[in-house]
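We number each residue from 1, following the sequence as shown. Both ligands and their constituent atoms are indexed starting at 1 by order of listing.
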Amino acid sequence: MDMPNRRPDAVPASEITPEAVYRQRREFMRQGLAAGLGLVAGVPPLARARELPAGGYPSRDFSAGEAPTDWEDATRYNNFYEFGTGKDEPAKKARRLKTDPWSVSIEGACEKPGILALEDLLRPHPLEERIYRLRCVEGWSMVIPWLGFPLGDLLRRFRPTSQAKYVVFETLHDPEQMPGQRWPVLQWPYTEGLRIDEAMHPLTLIAVGMYGRQLPKQNGAPLRLVVPWKYGFKSIKSIVRIRFQERQPVTSWMRAAPREYGFYANVNPTVDHPRWSQRKERRIGEFFKRDTLMFNGYADQVAGLYRGMDLRKHF
Ligand SMILES: Nc1nc2c(c(=O)[nH]1)N[C@H]1C(S)=C(S)[C@@H](COP(=O)(O)O)O[C@H]1N2
Ligand SMILES: [Mo]
């Protein structure tokens with residue numbers, strides 16, 4: 001596959017021990033030695049030679065110095081209903097997903113729609129690492145070092161028109177590869193959406209990797225969304241379609257349970273889920289619960305998007 005960004009799986013397995021690497025790395029960061037760049041010993045050499053020093057991506061921590069969740073937890077405890085509703089099912093069943101070749105259709109209210117091979121979609125975008133918290137609506141959370149680039153940079157290439165008020169995303173629909181789609185737990189394909197300003201916000205990421213490696217299939221290979229101030233279900237995996245449109249879409253979760261899942265799904269400890277409180281959460285790997293923060297801790301960056309809105313109504 002002609003990838004400008006060497007694929008993380010091209011790195012010999014012997015060079016990779018993600019958990020150890022990240023523990024070591026956090027230690028360096030604590031010591032203040034590795035501030036801006038991911039030039040720390042042990043980071044797999046995946047960089048594009050032209051844009052970055054070999055051996056590192058620029059890395060930014062948006063998790064206030066927390067240690068990333070263990071690789072084992074992040075890759076074995078997943079929500080990916082296309083492979084079953086059990087947390088352990090995606091890790092076991094996603095192997096059969098064929099992620100190469102892969103293409104993405106960009107359509108709707110834009111001047112340059114098209115169907116692009118994954119390589120062409122990704123080529124213009126230098127990768128960076130961002131360490132984000134991600135909180136599931138079920139009350140657990142993780143800290144993940146994603147590899148990706150801002151969604152807005154990708155969307156702008158297709159020149160959305162003034163009618164592009166919303167962006168809709170769809171996951172692959174193929175029950176042969178995704179056995180969970182044989183059951184109508186959700187309306188398939190899994191559909192999510194963002195308001196255009198949320199989609200263009202610099203924190204909104206397209207991720208193609210994590211922990212310095214290619215995304216595991218159970219985590220949404222070959223490309224997924226990561227919206228760190230929203231409940232995890234907004235961060236749609238294995239995307240094949242992106243559409244600009246004028247009307248607010250009905251997402252899979254809204255359709256399944258409209259009283260429980262709204263369009264916005266911003267992390268908000270003051271608005272309970274109808275069946276449980278959202279005040280606290282458990283970081284996977286920890287025992288005691290901690291307080292959930294407004295907008296998952298990203299309020300300084302994103303609260304302005306919702307100024308004047310009633311967040312009880314627009315949950
Ligand atoms: N296509 C698709 N995307 C999805 C889901 C899903 O079932 N299908 N689950 C969502 C939910 S509920 C969460 S919490 C996150 C989990 O991401 P992770 O498994 O990488 O932690 O993925 C989201 N993206
Ligand atoms: Mo979730």
Side-chain angles (χ1 to χ4, degrees), residues 18 63 68-94 97 99 102 104 130-148 168-175 177-194 204-211 213-242 251-257 260-262 265-267 273 275-276 278 281-285 292 296:
S63 76
T69 300
D70 287 352
W71 164 265
E72 281 71 21
D73 289 332
T75 57
R76 286 179 202 167
Y77 187 88
N78 301 101
N79 271 338
F80 200 166
Y81 278 21
E82 285 84 342
F83 298 102
T85 54
K87 305 287 178 221
D88 57 342
E89 286 182 282
K92 292 178 191 153
K93 298 182 184 171
L97 177 65
T99 56
W102 192 271
V104 181
R130 295 196 184 182
I131 305 173
Y132 280 165
R133 299 178 211 97
L134 194 67
R135 187 194 187 282
C136 178
V137 73
E138 295 163 344
W140 48 270
S141 57
M142 300 197 191
V143 177
I144 309 279
W146 301 107
L147 270 178
V168 187
F169 305 85
E170 288 177 12
T171 296
L172 178 69
H173 185 199
D174 182 356
Q177 299 187 66
M178 297 178 142
Q181 289 176 335
R182 292 174 203 158
W183 285 272
V185 260
L186 289 173
Q187 174 163 295
W188 312 111
Y190 193 103
T191 301
E192 261 307 337
L194 295 171
T204 305
L205 211 66
I206 285 286
V208 297
M210 58 191 237
Y211 298 79
R213 305 174 68 168
Q214 182 179 359
L215 269 186
K217 291 176 180 178
Q218 61 267 35
N219 294 90
L223 81 167
R224 70 175 292 173
L225 195 62
V226 183
V227 193
W229 72 94
K230 293 179 179 282
Y231 290 119
F233 66 85
K234 299 295 286 186
S235 292
I236 182 173
K237 297 174 171 180
S238 305
I239 296 165
V240 294
R241 191 184 304 278
I242 299 177
T251 67
S252 292
W253 284 104
M254 290 165 75
R255 194 176 296 274
E260 302 188 13
Y261 307 109
N266 292 314
V267 174
H273 184 280
R275 292 185 281 135
W276 59 81
Q278 294 290 29
E281 70 198 68
R282 197 173 73 83
R283 279 273 194 288
I284 297 296
T292 286
N296 206 24

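- The nearest heavy-atom contact from the protein to atom 7 (O) of ligand 1 is Tyr81 N, 2.7 Å.
- Of the candidates Tyr261, Tyr231, Phe233, Trp188, the one placing a heavy atom closest to atom 11 (C) of ligand 1 is Phe233.
- Arg76 and Ala91 make their closest contact through CA-CB, 4.1 Å (heavy atoms, listed as atom of the first residue, atom of the second, distance).
- Contacts between Asn79 and ligand 1, counted as non-hydrogen atom pairs separated by less than 4.0 Å, involve both the backbone and the side chain.
- Protein heavy atom at the shortest distance from atom 15 (C) of ligand 1 is Gly232 O, 3.6 Å.
- Looking at Phe83 and Met178, their side chains come closer than 4.5 Å, going by heavy atoms from C-beta outward.
- Protein heavy atom closest to atom 8 (N) of ligand 1, with residue, atom name and distance, is Glu82 OE1, 2.8 Å.
- Below 30°, between 30° and 60°, or above 60°: for Phe233 and Trp253 the angle between ring planes is between 30° and 60°, a tilted geometry.
- Residue Ser235 places a heavy atom under 4.0 Å from ligand 1.
- Looking only at protein heavy atoms, the nearest one to atom 3 (N) of ligand 1 is Lys237 N, 3.1 Å.
- Aromatic ring pairs are classed by plane angle as parallel below 30°, tilted from 30° to 60° and perpendicular above 60°; the pair His273 and Trp276 is parallel.
- Using a 4.0 Å cutoff on heavy atoms, Arg224 counts as a contact of ligand 1.
- Considering backbone and side-chain N/O atoms, Trp140 never comes within less than 3.5 Å of an N/O atom of ligand 1.
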